[in-house]
Each structure stands twice: as C-alpha cells, then as structure tokens.
Amino acid sequence: QVQLVESGGGSVQAGGSLRLSCAASGRNLSSYRMSWFRQAPGKEREFVASITWSGGLTSYLDSVKGRFTISRDNTKNTLYLQMNSLKPEATAVYYCANVRTPGGKYDYWGQGTQVTVSS
C-alpha cells in the first residue's frame, strides 16, 4: 500500500554531517506531516523533526535546532534530514513516519537506518 524506505545512514566522526533520505511509494499516497524519529539502544523512541508536506512548516527537537534541517521534495515523494555538527548522542536508528491528517497518528513507518557518531 504505502512504503517508506530510509537511506543515508552510516558512521561518522563527531562534528561531521550526514543526510538521511526517506522515499515514499505506493498507491494513494497521502501525507499531512512527515517526521523523523530516532531510537538509541535502551531508550524510547524520540521525536527529532517534522515538516508539513504542503506548507513546509517545520518543528525540531530542541537539542538539534540549528544543526539539523528537515526538508521534502514533493515531486520525488522524498523526505530528507540534513544533520550537521553531529554529536555522539545522535547515535541511534532513525525512522521516518507519516501522518495523513492533522491530529492523526503515525500510520506508516520506515524500516530505519543506523546512524553512528564516534568521538
């Protein structure tokens, strides 16, 4: 039906950068807001950033403001997360997720991509 596939993860030294991508495909694609979440070992899933699909309104976790940038390419049905000045605390599996309506739940999730930041 709807598939979200993340890519772009990897290992990087502290202070480095990575750009994550999330490609959406399937029948009857619909999105009001797409978000990035992350989950570190032994911790709960954590919200990182979100963007409304049509208007481009963004929201960020306080600890990543000024360093991470979420964006989307509507023509390619692709979500991005540019991560600069990476810190070891950013080490986690990063997931993209979709909300179809305002106030709705995250109905579709990707499989995740690993980000490892070494000091």
Side-chain angles (χ1 to χ4, degrees):
Q1 187 176 2
V2 176
Q3 186 177 25
L4 304 177
V5 180
E6 299 97 333
S7 62
S11 298
V12 65
Q13 291 187 335
S17 299
L18 285 173
R19 188 179 76 157
L20 307 183
S21 298
C22 174
S25 62
R27 185 167 175 258
N28 297 324
L29 295 179
S30 180
S31 180
Y32 170 72
R33 182 190 307 276
M34 291 196 71
S35 301
W36 288 99
F37 290 82
R38 66 187 180 190
Q39 187 166 28
K43 295 185 177 181
E44 286 192 44
R45 183 183 62 199
E46 177 183 44
F47 169 84
V48 177
S50 69
I51 186 168
T52 58
W53 201 249
S54 61
L57 272 60
T58 60
S59 182
Y60 295 93
L61 175 67
D62 285 343
S63 63
V64 308
K65 287 181 178 178
R67 299 185 298 110
F68 288 15
T69 303
I70 188 170
S71 62
R72 85 282 191 237
D73 187 333
N74 300 57
T75 64
K76 296 180 179 180
N77 293 318
T78 302
L79 178 74
Y80 303 97
L81 183 67
Q82 178 67 47
M83 304 185 294
N84 298 326
S85 301
L86 281 164
K87 301 176 180 180
E89 304 93 273
T91 296
V93 177
Y94 284 70
Y95 301 89
C96 64
N98 179 67
V99 176
R100 288 179 289 181
T101 59
K105 65 183 298 182
Y106 290 98
D107 293 325
Y108 298 96
W109 294 80
Q111 84 291 340
T113 185
Q114 177 70 50
V115 171
T116 302
V117 184
S118 60
S119 60

Exercise for review: Decide whether Y106 and I51 are clustered together by the hydrophobic rule: side chain heavy atoms of Ile, Leu, Val, Met, Phe, Trp, Tyr closer than 4.5 Å, transitively.
Suggested key: no

Point to revise | Minimum heavy-atom distance L29-A24, with the two atoms named | key: CD1-O, 4.1 Å

Review point. Is Y80 reachable from L61 through a run of hydrophobic residues whose side-chain heavy atoms are each under 4.5 Å from the next?
Key: no

Practice item. Tell me, please, which residues at least two apart from T91 pass side-chain contact (heavy atoms from CB on, under 4.5 Å). Key: Q114, T116, V117

Review point. Is there side-chain contact between L4 and M34, with heavy atoms separated by less than 4.5 Å?
Key: yes

Check your understanding: Is Q1 reaching over with its side chain to a backbone N or O of G26, donor-acceptor style, under 3.5 angstrom?
Key -> no

Review point. Side chain to side chain contact (heavy atoms under 4.5 Å, CB included) between V2 and N98: does it pass, once the steps are laid out?
Key: CA-CA 10 Å; V2 176; N98 179 67; 5.8 Å; no

**Study point:** Heavy-atom pair with the smallest gap, counting every atom of S50 and R33
**Key:** OG-NH1, 3.6 Å

Practice item. Would you name the heavy atoms of S63 and R38 that are closest together and state the gap between them? Key: OG-NH2, 4.1 Å

Check your understanding: Say you draw a straight line from CD1 of I70 to OG of S35; how long is it, rounded to the nearest 0.5 Å?
Key -> 6.0 Å

**Study point:** Spacing of Y94 atom OH and S7 atom OG [to the nearest 0.5 Å]
**Key:** 15.0 Å

**Study point:** Same apolar cluster: Y95 and V99, side chain cutoff 4.5 Å
**Key:** yes

Review point. Donor-acceptor pair, R100 side chain versus S30 backbone, under 3.5 Å?
Key: no

Practice item. Calculate, to the nearest 0.5 Å, the distance between atoms CG and OG1 belonging to L18 and T113 respectively. Key: 9.0 Å

Revision key, fill the gap. d(S54 OG, N74 CG) to nearest 0.5 Å is 8.0 Å

Review point. Does CD belonging to Q39 count more than 12 external heavy atoms closer than 6.0 Å?
Key: yes

Exercise for review: Using the six-membered ring wherever Trp is involved, compare the ring planes of W109 and F37 and label them parallel, tilted or perpendicular (cut-offs 30° and 60°).
Suggested key: tilted

Practice item. Would you confirm whether T52, through its side chain, and L57, through its main-chain N or O, come within 3.5 Å as a donor-acceptor pair? Key: yes

Check your understanding: Are the side chain of Q82 and the backbone N or O of R19 linked by a donor-acceptor pair below 3.5 Å?
Key -> no

Check your understanding: Does V93 share a hydrophobic cluster with V5, counting links as ILVMFWY side-chain heavy atoms below 4.5 Å and allowing steps through other members?
Key -> no

**Study point:** Distance-minimising heavy-atom pair for L86 and A90
**Key:** CD2-CB, 3.9 Å

Exercise for review: For residues L20 and W36, report the shortest heavy-atom separation together with the two atoms involved.
Suggested key: CB-CH2, 3.7 Å

Practice item. Could you tell me which non-hydrogen atom of S31 sits nearest to which non-hydrogen atom of W53, and how far apart they are? Key: O-CB, 3.6 Å

